[in-house]
Amino acid sequence: QVQLAESGGGLVQPGGSLRLSCAASTAINNVYQMGWYRQAPGEERESVATISGRGVTDYARSVEGRFTISKDIFKNTLYLQMNDLKPEDSAVYYCKLDDLDLDYDSRPHMYHYWGQGTQVTVSS
C-alpha cells in the first residue's frame, strides 16, 4: 500500500505563507497524478491543486496565483507553496496520489491514496 505523510501546516496570519510537504512511500515519478485537497469543518472536501505525471498543473480558482504545486521525484515528495494566505484558506489539507494500474482481472483501474492531513489555520 501507498502511504502519504503531510507536514508543514500551522497557524499563520493573513497575508503570510506556508509550505506543505507530502512524503510518499513509493516512487512518484511514474504515477498518474498527485494533488492537494482541503476540507473545512462542515464543508465538502475540495481540490486545491493537482499535478500530472508530466508536470501539468491545475489550480482551484480561489487559489490560482497564490499557491504553487510542485514535486521532487528524487525525494518522492509533493509540495504546496501557499502565499498570501487568507482566512478562508483555513482547512485540513490532504495529499492525494492517483495511480492508474491493472486490477486483479487485468482491467484498468484508478487507485486513490490519501494522507492523514495537516491543519492550516489563517487568523489574525
Side-chain angles (χ1 to χ4, degrees):
Q1 63 181 17
V2 176
Q3 292 183 310
L4 304 172
E6 302 97 334
S7 62
L11 176 64
V12 65
Q13 295 183 351
S17 298
L18 284 174
R19 191 191 195 198
L20 306 183
S21 298
C22 170
S25 65
T26 188
I28 65 172
N29 61 297
N30 200 36
V31 302
Y32 182 81
Q33 181 175 270
M34 296 187 74
W36 290 97
Y37 296 73
R38 68 187 182 188
Q39 186 170 24
E43 299 184 7
E44 299 288 329
R45 187 172 298 186
E46 64 176 350
S47 175
V48 176
T50 60
I51 183 167
S52 75
R54 297 275 182 161
V56 179
T57 59
D58 188 33
Y59 297 91
R61 183 179 180 182
S62 59
V63 308
E64 191 165 18
R66 299 187 296 120
F67 291 11
T68 302
I69 188 171
S70 62
K71 60 183 178 182
D72 186 333
I73 62 173
F74 301 105
K75 295 182 178 180
N76 295 328
T77 301
L78 180 74
Y79 301 98
L80 183 67
Q81 178 66 47
M82 305 185 294
N83 297 325
D84 191 24
L85 284 162
K86 306 177 183 300
E88 51 263 42
D89 294 320
S90 297
V92 176
Y93 283 70
Y94 298 91
C95 175
K96 183 189 179 188
L97 185 154
D98 301 324
D99 187 24
L100 182 63
D101 205 351
L102 301 179
D103 63 15
Y104 66 93
D105 203 28
S106 298
R107 297 176 179 177
H109 184 81
M110 187 70 73
Y111 294 88
H112 308 286
Y113 303 93
W114 292 89
Q116 293 296 308
T118 184
Q119 178 70 52
V120 172
T121 303
V122 185
S123 179
S124 300

Original post:
Same cluster or not: are Leu78 and Val120 linked, directly or through other Ile, Leu, Val, Met, Phe, Trp or Tyr residues, by side-chain heavy atoms under 4.5 angstrom apart?
Top reply: yes

Original post:
Mind checking whether Val56 and Phe67 sit in one hydrophobic cluster, side chains of I, L, V, M, F, W, Y counted as touching below 4.5 Å?
Top reply: no

Subject >> Criterion side chain to side chain donor-acceptor pair (under 3.5 Å) against Tyr93, the qualifying member of Arg38, Gln39, Gln119 >> reply: Arg38

Subject >> Trp36 reachable from Tyr113 in the ILVMFWY side-chain graph, under 4.5 Å edges >> reply: yes

Original post:
Between Tyr59 and Ile69, is there a donor-acceptor pair closer than 3.5 Å when you use the side chain of the first and the backbone of the second?
Top reply: yes

**OP:** Enter the distance from Thr26:OG1 to Leu4:CG here, rounded to the nearest 0.5 Å.
**Re:** 9.5 Å

**OP:** Look up atom CD in Gln13 and atom CG in Leu11, then write down how far apart they are to the nearest 0.5 Å.
**Re:** 8.0 Å

**OP:** Any chance you could measure Arg66, atom CZ, to Leu85, atom CG, to the nearest 0.5 Å?
**Re:** 6.5 Å

Original post:
Backbone N or O of Gln116 within a donor-acceptor pair of the Glu6 side chain at under 3.5 Å?
Top reply: yes

**OP:** Look up atom CG in Asp101 and atom CE in Met110, then write down how far apart they are to the nearest 0.5 Å.
**Re:** 10.5 Å

**OP:** Could you tell me whether the side chain of Ser90 and the main chain of Val122 form a donor-acceptor pair under 3.5 Å?
**Re:** yes

Original post:
Say you draw a straight line from CG of Leu97 to CD of Gln33; how long is it, rounded to the nearest 0.5 Å?
Top reply: 9.5 Å

**OP:** List the atom of Asn83, the atom of Ser17, and the distance in Å for their closest heavy-atom pair.
**Re:** OD1-OG, 2.9 Å

Original post:
If every non-hydrogen atom of Val63 is compared with every non-hydrogen atom of Val48, which pair is closest and at what distance?
Top reply: CG2-O, 3.6 Å

Subject >> side-chain contact (heavy atoms from CB on, under 4.5 Å) between Met82 and Asp89, intermediate numbers included >> reply: CA-CA 9 Å; Met82 305 185 294; Asp89 294 320; over 6 Å; no

**OP:** For residues Ala49 and Leu80, report the shortest heavy-atom separation together with the two atoms involved.
**Re:** CB-CD1, 4.3 Å

Original post:
How far apart are the closest heavy atoms of Pro108 and Leu102, and which atoms are they?
Top reply: N-CD2, 3.9 Å

**OP:** For Tyr37, check ring-ring contact (aromatic ring centres under 6.0 Å, His included) against everything at least two apart and list the hits.
**Re:** Trp114

Original post:
Aromatic rings Tyr111 and His109: how do their planes relate, parallel, tilted or perpendicular, breaks at 30° and 60°?
Top reply: perpendicular

Original post:
Can you name the nearest heavy-atom pair linking Lys96 to Asp98, along with the distance?
Top reply: CE-OD1, 2.8 Å

Original post:
About how many Å separate CG of Asn76 and CG of Asn29, when rounded to the nearest 0.5 Å?
Top reply: 7.5 Å

Original post:
When clusters are formed by joining ILVMFWY residues with side-chain heavy atoms under 4.5 Å apart, either directly or through shared neighbours, do Ile28 and Val2 land in the same one?
Top reply: yes

Original post:
Can you name the nearest heavy-atom pair linking Thr50 to Ser47, along with the distance?
Top reply: CG2-OG, 3.9 Å

